[in-house]
Amino acid sequence: MPKLYDRSETHNEITIVYKYHPVFYILLLACFVIAYAGSYVGMSETVAMVIVLCVLFVLIFYHVAIKSVNSEIKKAMRSGSVELSGSKFSFSNPLTFRIKK
């Protein structure tokens, strides 16, 4: 399974960068736009079902791919040792978590 994030660790902090997070939102938005536009042009039910299944596949794949790192971030958030920077919609300034050890 491809990594959707970069994780680097030093002696005093762990840095997690979601480099491909914007791709997820672009794919999700594209699926919704296609499904919405298809309803106006008379798309068949079979094509609509394929689009819905593709959206579900993308959502499930993304959730499974980042589940382990999200649990690490949640645990660090409970202890209050997380710094967050960046944007989940930006390629140039990606979402970055810094966890202090």
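Reckoned from all heavy atoms, side chains included, excluding hydrogens, waters and symmetry mates.
- No single ILVMFWY cluster, assembled from side-chain heavy atoms under 4.5 Å apart, contains both Ile60 and Leu29.
- With respect to the salt-bridge test (charged N to carboxylate O, under 4.0 angstrom), the residues Glu9 and Arg7 qualify.
- Residues Phe61 and Tyr20 are members of separate hydrophobic clusters, defined by side-chain heavy-atom contacts under 4.5 angstrom among Ile, Leu, Val, Met, Phe, Trp and Tyr.
- Counting only heavy atoms from C-beta outward, the side chains of Tyr25 and Lys88 approach each other to under 4.5 Å.
- Looking at Asp6 and Ile16, their side chains never come closer than 4.5 Å, going by heavy atoms from C-beta outward.
- Nearest heavy-atom pair, Ser90 versus Pro22, reported as atom, atom and distance to 0.1 Å: O-CG, 3.6 Å.
- Shortest non-hydrogen contact noted between Val17 and Pro94 is CG1-CG, 3.6 Å.
- A 4.5 Å side-chain heavy-atom check between Glu72 and Ile14 finds at least one atom pair inside the cut-off.
- One distance of note links CD of Glu13 with CZ of Arg98; it measures 6.0 Å at 0.5 Å rounding.
- A continuous path of Ile, Leu, Val, Met, Phe, Trp and Tyr side chains, each step under 4.5 Å between heavy atoms, connects Val58 with Leu4, placing both in one hydrophobic cluster.
- In terms of heavy-atom proximity, Val82 sits nearest to Ile99 at CG2-CG1, 4.2 Å.
- Taking every heavy atom of both residues into account, Lys101 and His11 meet most closely at CD-O, 3.8 Å.
- Between Tyr18 and Phe97, the distance separating the two ring centers is shorter than 6.0 angstrom.
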Legend entry - Verdict with reasoning, Thr96 to Thr15, per side-chain contact (heavy atoms from CB on, under 4.5 Å): CA-CA 7 Å; Thr96 305; Thr15 304; 3.9 Å; yes
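- Remark: Phe57 CZ is loosely packed, at most 12 non-hydrogen atoms of other residues, nucleotides or ligands lying under 6.0 Å away.
- Two residues are said to be in side-chain contact when any heavy atoms from C-beta on lie closer than 4.5 Å; Ile73 and Lys75 fail this criterion.
- A side-chain donor-acceptor contact under 3.5 Å links Ser79 to the backbone of Ala76.
- In this structure, Val50 is not a member of the same hydrophobic cluster as Leu28, with clusters built from ILVMFWY side-chain heavy atoms closer than 4.5 Å.
- With rounding to the nearest 0.5 angstrom, the NE2 atom of His63 is 8.0 Å from the CG atom of Asn70.
- Under a hydrophobic clustering in which Ile, Leu, Val, Met, Phe, Trp and Tyr are joined whenever their side-chain heavy atoms come within less than 4.5 Å, directly or via other members, Ile26 and Phe24 fall into different clusters.
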